[in-house]
Novice: 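One structure, as structure tokens, below. Some questions next.
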Amino acid sequence: MIFDGYKICVLSGFAGFTKMSGEIISKNISKNGGTIIPLPQARNQTSNLTLIIVPEQSDEKMILKVMNLTSLPSCPLVSPNWAINSTNSKTLHDPNDYQIKKTELPIKRQSPQTYQSPPQSPFEAYKTLPLVPLSNSPEMNRTQTNPILNQNNTRLHDDLLQNKDKYMFTKEQPNLNEHITSVLEILMENYFLLRDRGRGFAYRSAIIVLKSHPEKIICGDQVGNLQKVGKKIKKKIQEILETGTLKRVKAMDEQSRLKAIKEFSKIWGVGSATADKLFTLGYRTLDDLRKNIPQFLNDNQRICLELFDEIKERIPREEVKEISDQVVEYAKLLLPNKDIEANTCGSYRRGKETCGDIDILLTFDDVLENKLFLRELVDYLIEKKVVTHVLILSENCKKHESFTFEGIAKKPDGLHRRLDIKIYPRKYYAWALMHFTGSANFNRSIRLFAKNKGLKLTDEGLFPAIRSHGETICGGNLVECYTEEDIFRLFDMPYKPPEQRDL
DNA sequence: TGACAGCGGTA
DNA sequence: TACCGC
DNA sequence: GTCA
Ligand SMILES: O=c1ccn([C@H]2C[C@H](O)[C@@H](COP(=O)(O)OP(=O)(O)OP(=O)(O)O)O2)c(=O)[nH]1
Ligand SMILES: [Mg+2]
């Protein structure tokens, strides 16, 4: 193990080095024999540390502030690239070559290890092979396995680790038009709440286009002929650029009906229709609801009203990981002989600092033979006081292949948090991972792309879509994919890391 | 003038 | 089918 | 609201 004996503290979350990157590096160091010392402990025993990994762009002042120390520790400060390159090449690189500060290292230069050619990731191997072209041609509806994807890769992996170097430092392609989309999003939400689905869809489509636009729009004529942005929306953009807001939004803010509906619909299980009904019954605020709980609210809606103040809070990334780790630990305890692949998805996987909920994907073989597993896991989590409420516990009734839990969990002294667990058999891993990583708008976008090619993309695969009057009659699986890269390749698209799927 | 992603659960 | 949420 |  290349990092054997190394005690390393990883500082992240500043100077352009994200916490997610820090987590990935830490995970890799542990996997390769190193010991990660968390910051709180590291503070008290800096002399015990072999080295500290700090952001490439950090300086002394920032590091002192993050570590809450008055003077720099004696151990070397090393760039994350040291760990990345070492793990990638499976040889220990000399930390001296990666020092952030020029202080001489007490570490002695290691003699180079016996050379091993770095094992190519399956994805790398595909790179040199010809792409399988997509087409609408009728041959497509034959169930066929892609010979390229079929070659060697049956091993699942946490692609977060596999692709770390691909995106850890890749420049994010952030939404350059947030100044516009943030306003349009309010409009979109309002229209959906008012059940004006037409305008809701219109703004949603335009927002997706604007968020993907590689250029910041600062003047009206830059809009040009962006898809889905027609005369009316162009005018709205113009107004936003001039005034920073929209008269239409201001006017809507005055509507007491909309204001109340918006409030009510934040409760899990309460949508626009129920919210509207509540308003008609005379309710105006959440407190009105709490004082006099409407009879027609079901159990789940009541639970989520009760816990509203806690559930509404966003969850710090660290806590998402803690609860995930708990859930996964119990899952593995329950099926000790299974090789369970666990991924925390949703906004967590996309690298967000805070998340609306916790989305856990569990994958293993023979899900069908373990129909009762999710039920057992949930019972176990309830017993262990991790899960406090069950909202939905279901098995995919038609085929009994995938399973979903939606509920509420918390850590011992923590707030109540929304928790989703999904279980899929291995053959759906890549599709389910992509689905559950989102974002929802990213899914809409790529699914529409597939649809326009005569295909149907779901959490279970890519299928030929033979449609008659909106009905979809589909044949078998189009192609097996084992990694998200495989899926992007199928679409002939460059791989997009999760953090760039934030549409 | 229909579609705007595609799916499962609940009532 | 309407509604709701992932 | 926008597009095919
Ligand atoms: O309408 C939806 C909602 C969700 N998803 C997928 C993508 C999404 O990323 C994932 C998890 O859903 P969630 O509602 O938790 O969204 P999130 O992206 O994790 O954001 P948040 O931070 O609000 O949880 O499920 C969809 O495909 N369609
Ligand atoms: Mg989520």
Novice: Is any side-chain nitrogen or oxygen of A:Lys456 closer than 4.0 Å to OP1 or OP2 of B:dC7?
Specialist: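 Yes.
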Novice: A:Lys232 has an atom NZ; how far is it from atom C1' of D:dC3, in whole Å?
Specialist: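 Roughly 14 Å, once rounded to whole Å.
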Novice: Between A:Ser205 and D:dT2, is there a side-chain N or O to OP1/OP2 distance below 4.0 Å?
Specialist: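 Checking D:dT2 against A:Ser205, no side-chain N or O comes under 4.0 Å of OP1 or OP2.
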Novice: Calculate the interatomic distance between A:Met434 atom CE and B:dG6 atom C1'; express it in whole Å.
Specialist: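 After rounding, the gap between these two atoms is 14 Å.
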Novice: Distance check, P atoms only: B:dA3 and C:dT1, in whole angstrom units.
Specialist: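 Comparing P positions in B:dA3 and C:dT1 gives a spacing of 14 Å.
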Novice: Please report the distance, rounded to the nearest Å, between CD1 in A:Ile207 and C1' in B:dC4.
Specialist: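 Taking CD1 of A:Ile207 and C1' of B:dC4, I get 13 Å after rounding.
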Novice: Grab the CD-C1' distance between A:Glu406 and C:dC6 for me, whole Å please.
Specialist: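 For the pair A:Glu406 CD and C:dC6 C1', the rounded distance is 6 Å.
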Novice: Assess whether a salt bridge exists between A:Lys247 and A:Glu239, defined as any Lys/Arg side-chain N lying under 4.0 Å from an Asp/Glu carboxylate O.
Specialist: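 Salt bridge absent between A:Lys247 and A:Glu239.
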Novice: Measuring from the side chain of A:Arg195 (C-beta onward, heavy atoms only), which nucleotide among C:dC6, C:dC3, B:dG8 has the closest atom?
Specialist: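 Looking only at side-chain atoms, A:Arg195 lies closest to C:dC3.
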Novice: Do A:Tyr283 and A:Phe264 have their ring centres less than 6.0 Å from each other?
Specialist: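 Here the rings of A:Phe264 and A:Tyr283 have centres that are no less than 6.0 Å from each other.
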Novice: Would you kindly give the CG-to-P distance between A:Leu393 and B:dG9, to the nearest whole Å?
Specialist: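 Computing the A:Leu393:CG to B:dG9:P distance gives 10 Å.
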Novice: For A:Asp459 and B:dG9, what is the distance between atoms CG and P respectively, to the nearest whole Å?
Specialist: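 So the two atoms are 12 Å apart, to the nearest Å.
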Novice: Does anything in residues 263-274 of chain A reach DNA chain C, meaning a heavy atom under 4.0 Å, and if so which residues?
Specialist: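 Within this stretch, A:Ile267, A:Trp268, A:Gly269, A:Val270, A:Gly271, A:Ser272, A:Ala273, A:Thr274 sit under 4.0 Å of the strand.
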Novice: Base, sugar-phosphate, or nothing: which does A:Leu391 touch, judged by heavy atoms less than 4.0 Å apart?
Specialist: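 The answer is nothing, as A:Leu391 stays clear of every strand by at least 4.0 Å.
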Novice: Distance check, P atoms only: B:dA5 and D:dC3, in whole angstrom units.
Specialist: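 Comparing P positions in B:dA5 and D:dC3 gives a spacing of 15 Å.
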Novice: Using heavy atoms to find the nearest nucleotide of DNA chain B for A:Gly198 and A:Ser402 separately, return the residue whose nucleotide is more 5′.
Specialist: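 Looking at the nearest nucleotide for each, A:Gly198 comes out on the 5' side.
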Novice: Give a yes/no answer on whether the side chain of A:Arg447 brings an N or O atom under 4.0 Å of OP1 or OP2 in B:dA5.
Specialist: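 Checking B:dA5 against A:Arg447, no side-chain N or O comes under 4.0 Å of OP1 or OP2.
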Novice: Picking from D:dC3, B:dG9, C:dC6, which would you name as closest to the side chain of A:Asp420?
Specialist: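 So the nucleotide nearest the side chain must be C:dC6.
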Novice: Answer yes when A:Lys19 and A:Glu353 have at least one side-chain N-carboxylate O distance shorter than 4.0 Å, and no when they do not.
Specialist: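 Looking at A:Lys19 and A:Glu353, the cut-off is met.
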Novice: Which nucleotide wins on minimum distance to the side chain of A:Arg418, given the candidates C:dC6, B:dG8, C:dC3?
Specialist: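 Given the options C:dC6, B:dG8, C:dC3, the side chain of A:Arg418 is closest to C:dC6.
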Novice: Check A:Ile240, A:Asn175, A:Ile186 against A:Thr181 for a side chain to side chain contact (heavy atoms under 4.5 Å, CB included) and give me the one that passes.
Specialist: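 Output: one option passes, namely A:Asn175.
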Novice: Is A:Glu395 touching bases, backbone alone, or none of the nucleic acid, heavy atoms closer than 4.0 Å?
Specialist: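 The answer is sugar-phosphate, as A:Glu395 gets under 4.0 Å only of primed atoms, P, OP1 or OP2.
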Novice: Take the protein atom CG of A:Asn441 and the nucleotide atom C1' of B:dA5, then report the distance between them rounded to whole Å.
Specialist: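 Nearest whole value for this atom pair: 10 Å.
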Novice: Could you please name the option among B:dA5, C:dC6, B:dG9 that lies closest to any side-chain atom of A:Ser394?
Specialist: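 Nearest listed nucleotide: B:dG9.
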Novice: Specify the residue among A:Asn298 and A:Leu448 whose closest nucleotide of DNA chain B lies further upstream toward the 5′ end.
Specialist: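 Result: A:Leu448.
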Novice: Across the strands shown, which category fits A:Phe436 at heavy-atom distances under 4.0 angstrom: base, sugar-phosphate, nothing?
Specialist: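 Since only primed, P, OP1 and OP2 atoms lie under 4.0 Å of A:Phe436, the category is sugar-phosphate.
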Novice: What are the two closest heavy atoms between A:Lys228 and A:Ile233, and how far apart are they?
Specialist: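 In terms of heavy atoms, the two residues are closest at O-CD1, 4.0 Å.
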Novice: Could you check, using the six-membered ring where one of them is a Trp, whether A:Phe373 and A:Phe364 have ring centers closer than 6.0 angstrom?
Specialist: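 Yes, the ring centres sit under 6.0 Å apart.
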Novice: Is the closest basic N to carboxylate O distance between A:Asp459 and A:Arg447 below 4.0 Å?
Specialist: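 Salt bridge between A:Asp459 and A:Arg447, a charged N being under 4.0 Å from a carboxylate O: no.
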Novice: Quick one: is B:dG6 close enough that its OP1 or OP2 comes under 4.0 Å of any side-chain N or O from A:Lys451?
Specialist: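 Yes, because at least one side-chain N or O of A:Lys451 sits under 4.0 Å from OP1 or OP2 of B:dG6.
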Novice: Expressed as a whole number of angstroms, how long is the span from A:Lys228:NZ to D:dT2:C1'?
Specialist: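 After rounding, the reported distance stands at 6 Å.
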Novice: Taking atom NZ of A:Lys312 as the centre, report whether more than 12 heavy atoms of other residues, nucleotides or ligands fall under 6.0 Å from it.
Specialist: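 Counting neighbours around NZ of A:Lys312, more than 12 heavy atoms of other residues, nucleotides or ligands fall under 6.0 Å, so yes.
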